Amino acid sequence: MRVTIVGAGIAGLSTAWSLIKLGHHITLIEQGSIPNPLAASGDRHRMIRRAYGDADGYARTIAEAFDSWDLLWNDLGVSHYANCGVLGISQYPGDGAEQFRIGLDRMGFDYERLDAREAAARYPFLDPGTFRYAYLDQDGGALFSERIARDVKAWLKMRGADIRMNTKALAVDPHAATAQLDDDTIVRGDRLVVTAGAWTLRLFPALAGKLTTYRNAVAYMEPPADLEDAWSSAPAIVDIGGPSDGYVLPPLDGIGLKFGSGTQKVRAPDPDADRVAASGEGDSLRRLFSPPFGRIDEYRVTEVKTCAYTFTADRRFFSERIGNTLVVSACSGHGYKFGAAVGRRIAQSLDTDDHLTLARWLRAETV
């Protein structure tokens with residue numbers, strides 16, 4: 001079967017990887033480079049964790065996600081994953097971090113609970129007077145997303161995939177499974193898969209009632225010199241507690257300390273607009289992390305990167321079959337950690353022509 005894939009973020013790349021392993025012929029179209037720094041799958045590292053709050057379906061499915069990444073590492077001959085563990089920090093009863101912990105309890109996942117003084121002794125960047133407790137899950141950490149994209153691209157090229165970078169799909173015919181490109185060519189296949197992330201609505205504007213595009217930013221930080229060692233051995237932080245929806249990826253293998261917050265996202269009808277960080281945007285993000293971090297004014301913002309992605313109303317993956325085309329879009333927060341598993345499931349659905357099972361799996365309705 002000839003399959004055209006529009007969008008080479010992690011979903012498109014892993015779908016191509018899985019389809020080639022099943023013996024299909026792949027054309028992969030990407031509007032930028034691979035990796036594309038503007039894509040939702042861009043940036044240097046992304047978190048993978050078992051904590052999922054009340055989304056038990058996704059918490060159960062995380063085992064399949066880890067297994068799928070292991071299969072990818074086996075094919076690439078290298079692992080792009082750091083199992084540094086994942087920390088949650090609760091500032092007040094019922095905050096996001098506590099909801100994540102309650103989910104771990106409900107799923108029967110093991111973790112280590114630390115009172116505030118124990119946590120601050122182990123992680124000196126924490127201010128023990130500003131939070132109630134912390135908990136450490138040893139399973140989870142960081143996926144090195146840029147490295148994954150580069151190596152999967154190379155793997156696909158070696159196996160004959162037709163990869164067209166810096167090429168935009170201007171329009172698609174979902175029933176004919178064709179894509180019209182910006183060089184005036186038309187790519188034809190037996191099936192078309194659209195994994196275009198924030199640019200999905202340009203090809204399928206009728207899906208605007210189901211998908212909303214947002215823009216957000218993350219900031220790379222340089223901590224105070226006397227805290228560098230503490231951060232170098234720190235886990236990822238799934239939630240800092242309180243109202244900020246803040247998360248952290250520690251410095252790993254030459255990649256810097258990264259802060260992000262879900263509260264900073266804004267609607268972005270044009271995913272190409274406002275992609276250069278505004279003045280002071282990184283400092284505004286930095287200030288959200290006190291509490292629970294001490295001495296936050298001593299951290300220096302070294303870089304701010306923007307991202308654009310889709311959300312669904314219920315914060316679940318989206319998929320829809322339209323003619324001979326399958327449209328798949330991740331809700332931010334799910335996309336990367338499940339990336340390898342999503343590609344395998346999409347390939348299986350195309351191989352069996354069973355998109356309903358795929359839709360239920362993506363929504364974590366079955367596992």
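Fair warning: this is a prediction, and the values are worked out from it, not measured in the lab. Just the heavy atoms: all of them, side chains too, but no hydrogens, waters or symmetry mates, feed the values below.
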Taking the six-membered ring for Trp and the full ring for Phe, Tyr or His, determine whether the centres of [X] and [Y] are under 6.0 Å apart.
{"X": "Y309", "Y": "F311", "result": "yes"}
{"X": "Y92", "Y": "F131", "result": "no"}
{"X": "W231", "Y": "F125", "result": "yes"}
{"X": "F204", "Y": "W199", "result": "no"}

For this session: Evaluate the side chain to side chain donor-acceptor pair (under 3.5 Å) criterion for residues D151 and H80: first the C-alpha distance (whole Å), next the side-chain angles of each, then the deciding distance (0.1 Å), finally the verdict.
Result: CA-CA 10 Å; D151 279 4; H80 294 307; 2.7 Å; yes
Problem set entry | L288-Y247 co-clustered via ILVMFWY side chain contacts under 4.5 Å | no
Exercise. In terms of hydrophobic clusters joined by side-chain contacts under 4.5 Å, are L72 and Y336 together?
Worked result: yes
Exercise. Quick one: is the NZ or CZ of R49 closer than 6.0 Å to the six-membered ring centre of Y52, and within 45° of its axis?
Worked result: yes
Side-chain donor or acceptor of [X] paired with backbone N/O of [Y] under 3.5 Å:
{"X": "D190", "Y": "R2", "answer": "yes"}
{"X": "T130", "Y": "P291", "answer": "no"}
{"X": "E320", "Y": "V328", "answer": "no"}
{"X": "N324", "Y": "H175", "answer": "yes"}

Donor + acceptor pair across side chains of [X], [Y] (<3.5 Å):
{"X": "N36", "Y": "S33", "value": "no"}
{"X": "T213", "Y": "T310", "value": "no"}
{"X": "W17", "Y": "D75", "value": "yes"}
{"X": "Y111", "Y": "Q138", "value": "no"}
{"X": "R344", "Y": "S18", "value": "no"}
{"X": "H25", "Y": "D162", "value": "no"}
{"X": "R132", "Y": "S90", "value": "yes"}

Do [X] and [Y] have side chains that get closer than 4.5 Å, going by heavy atoms?
{"X": "Y81", "Y": "I148", "value": "no"}
{"X": "L181", "Y": "L170", "value": "no"}
{"X": "V342", "Y": "L362", "value": "yes"}
{"X": "Y220", "Y": "F259", "value": "no"}

For this session: Apply the test side chain to side chain donor-acceptor pair (under 3.5 Å) to residues T263 and D245: give CA-CA distance (whole Å), side-chain angles for both, the deciding distance (0.1 Å), then the verdict.
Result: CA-CA 6 Å; T263 63; D245 195 20; over 6 Å; no
Problem set entry | With R300 via salt bridge (charged side-chain N to carboxylate O under 4.0 Å, His left out) - residues at least two apart | E222
Exercise. If you measure from CG on D283 to CZ on R286, what distance do you get to the nearest 0.5 Å?
Worked result: 4.5 Å
Seminar exercise, completed: One should read off an interatomic distance between D351 CG and M1 CE, to the nearest 0.5 angstrom, of 6.0 Å
Problem set entry | Candidate pair M221 and T302, rule side chain to side chain contact (heavy atoms under 4.5 Å, CB included), full reasoning | CA-CA 6 Å; M221 303 284 176; T302 60; 6.0 Å; no
For this session: Evaluate the criterion side chain to side chain donor-acceptor pair (under 3.5 Å) for residue pair E98 and Y133; output intermediate values, then yes/no.
Result: CA-CA 9 Å; E98 182 152 273; Y133 66 86; 2.7 Å; yes
Problem set entry | From R113, R50, R101, residue fulfilling salt bridge (Lys or Arg N to Asp or Glu O under 4.0 Å) relative to D137 | R50
Seminar exercise, completed: Sorted by chain and number, sequence neighbours left out, side chain to side chain donor-acceptor pair (under 3.5 Å) with D127 holds for none
Problem set entry | side-chain contact (heavy atoms from CB on, under 4.5 Å) partners for E146, two or more places apart | P35, R44, R150
